[in-house]
Amino acid sequence: MDQHSETDVLVVGAGPIGMTVAALLADHGVNVVLAEKQPTTSDAPRAISATDETLRVMAEIGVLDQLLPEMLTDTGARYFGRKGQLLAEVRPGRPRLGQPGKSQFDQPVMESLLLEAVRGRDGIDLRFESEVLEVRDRGSYAESVIKDAAGVRTVRSKWVLACDGGKSPVRTQLGIALQGSTQAQQWIVVDIAGSKVKTEKFAEFHCNGKRPVVQVPGAKSRRRYEFMLLPGESAEEVTAPAFIAGLVAPFEAVEPQNIRRAAVYVAHQRIAGAYRKGRVILAGDAAHLMPPFAGQALNAGIRDAANLAWKIAASVVDGAPETLLDSYAQERRPHTAEMVRLSHLIGRVVMATNPAAAALRDQLIAATTLLPPLNRWITQMRFLKQPHYSTGCLVPPGTEVPKAAAATVGTALAQPLVRDESGEENLLDAVLGRGWTRLDFLGGNRIGIAPIGTGDAGRRPAQVTDVGGAFSTLPAGTPLIVRPDRYVAAACRSGGEPATLEKLAVLVPGLRSAAHGADRNV
């Protein structure tokens with residue numbers, strides 16, 4: 001291996017976020033060096049919850065079919081009060097992205113599948129046992145110093161993506177502070193195999209006011225338990241197999257050999273003061289940390305990866321301006337901050353130990369049954385808001401755009417089952433391709449799909465039928481412009497596409513040719 005090498009992008013950290021963004025970049029024709037300090041991927045079952053948006057990305061990468069048999073899909077949660085009474089049973093509302101709204105997965109399984117995907121892609125130079133010691137910003141490129149078994153090397157790249165975790169050495173070197181706080185309470189997380197508890201598709205939050213407990217079922221008899229530590233308990237004490245057996249005993253018996261992991265943690269609610277500094281961009285836990293109670297940490301990181309990959313590709317391949325990369329923080333940071341606040345709030349609800357506060361909590365939650373709209377907001381998990389970008393790489397809809405179409409701008413495009421002209425049925429993403437797309441609603445649930453720009457060589461316009469009528473509220477003559485990450489960038493009236501694309505071309509120059517007379521007929 002050369003002492004000096006060049007690539008388009010250096011990705012630091014081969015965890016789920018680093019491998020996801022590396023695979024997406026490669027699919028957009030970008031060359032990647034993926035550097036990981038450890039000798040292989042992690043076998044620790046850390047993250048456990050996946051949203052429909054994460055599964056959509058896994059499908060795009062090509063690993064979902066193998067991941068699904070290892071998952072417990074379409075799950076909800078039950079919250080129990082201080083006397084053991086059921087306070088609420090919650091489950092995501094009707095999913096709109098083509099996948100279950102919430103599912104439980106096993107991180108080592110996901111990482112092994114992502115590793116296969118990374119190794120199977122040309123353009124990714126995967127380097128384990130390679131520690132990034134320093135990143136030097138040279139203005140038009142970055143120069144990174146990497147130590148491996150053979151010595152010290154340098155890699156020159158257009159961009160560096162720091163996906164190196166919550167303790168991110170790259171973020172520390174850059175001097176970017178994490179803003180927020182750390183909770184006082186310690187928790188122990190215990191992952192076991194061979195659980196004898198009957199598998200139901202619900203996590204359980206036991207808000208007992210003494211030692212709060214969370215248990216989360218998984219596929220193939222996997223199960224997670226989390227217990228809040230009491231004053232005076234130490235990590236060494238509570239991670240002993242005998243102590244763990246005592247904690248888990250009210251639920252089931254556990255043998256030491258079935259304990260996959262036991263670790264004490266303190267949850268943080270923190271966000272990096274900046275997502276980008278020069279040629280370096282933070283993603284995943286390097287950019288934000290949140291408590292586990294809403295199950296959003298990994299999902300936020302996967303959203304980061306999907307948002308970043310196509311923008312970096314536009315910069316590398318088409319010379320997009322750096323302002324496109326700045327839109328990453330404009331779009332992602334507000335929603336991530338909201339998820340951090342929500343996770344912290346749910347934690348405070350679960351961890352209440354003051355008897356009066358716990359009793360009041362139970363009464364308030366029980367009282368929501370008298371207010372159906374509020375009760376639905378809780379039981380259908382409407383508090384778990386989906387991203388809705390108001391600034392960034394999008395065109396705010398004008399007053400002439402029908403409300404139903406205007407409401408889609410800045411949101412993830414729905415993914416219904418569609419039928420092509422041969423009668424074959426697939427989810428919509430299978431027809432969209434990897435680049436920019438225009439959707440034309442033709443009436444009678446017919447949709448015209450046309451590629452925009454140069455992102456999908458050889459892709460041809462097509463027509464499909466929306467089998468379930470997911471877009472039935474969108475009037476004919478209202479095209480949607482959809483980004484490569486499946487977010488709606490714009491909606492306009494028929495005939496307004498050239499002006500709309502011209503506005504987007506300020507950030508994405510590859511759209512300019514389409515704005516100046518590309519064939520709009522499907």
Side-chain angles (χ1 to χ4, degrees), residues 14-17 19-20 40-78 89-92 95 98-120 187-206 213-227 239 241 244-245 247-263 265 292-299 301-302:
I17 312 308
M19 288 191 287
T20 294
T40 188
T41 57
S42 173
D43 62 355
R46 294 188 177 96
I48 196 170
S49 293
T51 65
D52 49 356
E53 196 165 356
T54 288
L55 299 187
R56 188 178 198 173
V57 174
M58 293 301 109
E60 181 179 353
I61 292 173
V63 302
L64 183 61
D65 287 346
Q66 296 165 280
L67 185 61
L68 282 173
E70 301 286 340
M71 297 179 64
L72 193 65
T73 59
D74 193 23
T75 57
R78 290 173 177 148
E89 182 175 291
V90 306
R91 183 188 290 275
Q99 305 296 340
K102 179 175 177 287
S103 300
Q104 312 308 143
F105 74 101
D106 192 60
Q107 183 166 329
V109 173
M110 176 183 280
E111 290 202 23
S112 67
L113 294 173
L114 287 171
L115 181 59
E116 290 179 18
V118 164
R119 283 177 166 159
W187 284 68
I188 178 174
V189 55
V190 179
D191 285 285
I192 68 170
S195 173
K196 301 299 191 294
V197 177
K198 179 184 177 181
T199 300
E200 293 189 79
K201 290 191 174 186
F202 289 93
E204 294 184 358
F205 292 77
H206 296 270
V213 181
V214 179
Q215 62 164 314
V216 185
K220 298 186 175 180
S221 299
R222 304 182 189 107
R223 186 166 291 268
R224 170 169 293 181
Y225 292 94
E226 299 188 44
F227 303 87
T239 53
I244 291 172
L247 290 174
V248 178
F251 306 97
E252 63 176 305
V254 59
E255 299 296 329
Q257 65 270 21
N258 286 335
I259 300 174
R260 302 174 66 199
R261 179 178 74 129
Y265 70 88
F293 301 107
Q296 289 297 300
L298 175 128
N299 297 294
I302 297 297

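Values below: every heavy atom of this structure, side chains too, minus hydrogens, waters and symmetry copies.
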Side chains of Val197 and Pro217: closer than 4.5 Å at any heavy-atom pair?
no
Name the orientation class of the two ring planes belonging to Phe251 and Tyr225 (parallel below 30°, tilted from 30 to 60°, perpendicular beyond 60°).
tilted
Calculate, to the nearest 0.5 Å, the distance between atoms CZ and NZ belonging to Arg91 and Lys102 respectively.
9.5 Å
Quick one: are Leu64 and Gln99 in side-chain contact, heavy atoms under 4.5 Å?
yes
Please check: side-chain N/O of Ser103 versus main-chain N/O of Asp74, any donor-acceptor pairing under 3.5 Å?
yes
What's the separation between atom OG1 in Thr20 and atom CE in Met58, rounded to the nearest 0.5 Å?
3.5 Å
Grab the two heavy atoms, one from Thr41 and one from Ala14, that are nearest each other, plus how far apart they are.
CG2-O, 3.9 Å
Side chains of Tyr265 and Pro292: does their closest heavy-atom pair fall under 4.5 Å?
yes
Shortest non-hydrogen contact from Phe293 toward Phe205:
O-CZ, 3.9 Å
For Thr239 and Ala262, work out which heavy atoms get closest and say how close.
CG2-O, 4.0 Å
Donor-acceptor check, side chain of Asn299 to backbone of Thr51, threshold 3.5 angstrom: yes or no?
yes
In the structure I gave you, are the side-chain heavy atoms of Leu298 and Phe105 within less than 4.5 Å of one another anywhere?
yes
Euclidean distance, Arg261 CZ relative to Arg224 CZ, rounded to 0.5 Å
5.0 Å
One should read off an interatomic distance between Glu204 CD and Arg78 CZ, to the nearest 0.5 angstrom, of 6.5 Å
Which atom pair, heavy atoms only, marks the closest approach of Ala203 to Val216?
CB-CG2, 4.1 Å
Do the charged groups of Asp191 and Arg260 touch, with an N to O distance under 4.0 Å?
no
Separation of Leu113 CG from Ile61 CD1 (nearest 0.5 Å):
10.5 Å
Between Gln104 and Leu72, is there a donor-acceptor pair closer than 3.5 Å when you use the side chain of the first and the backbone of the second?
no
How close do Ile302 and Pro16 get, heavy atom to heavy atom, and via which atoms?
CD1-O, 4.3 Å
Nearest non-hydrogen partners of Phe202 and Val90, listed with the distance:
CE2-O, 4.1 Å
How many angstroms lie between atom OG of Ser42 and atom CD of Gln107, to the nearest 0.5 angstrom?
6.0 Å
Only one of Thr199, Val109, Ile192, Ile48 clears side chain to side chain contact (heavy atoms under 4.5 Å, CB included) with Arg222; which?
Val109
Dump the intermediate steps for side chain to side chain contact (heavy atoms under 4.5 Å, CB included) on Lys201 and Thr73, then the final yes or no.
CA-CA 8 Å; Lys201 290 191 174 186; Thr73 59; 3.9 Å; yes
Does any part of the side chain of Met19, heavy atoms only, come nearer than 4.5 Å to the side chain of Val118, both counted from C-beta?
yes
Taking C-beta and beyond as the side chain, do Ile244 and Ile188 meet within less than 4.5 Å on heavy atoms?
yes
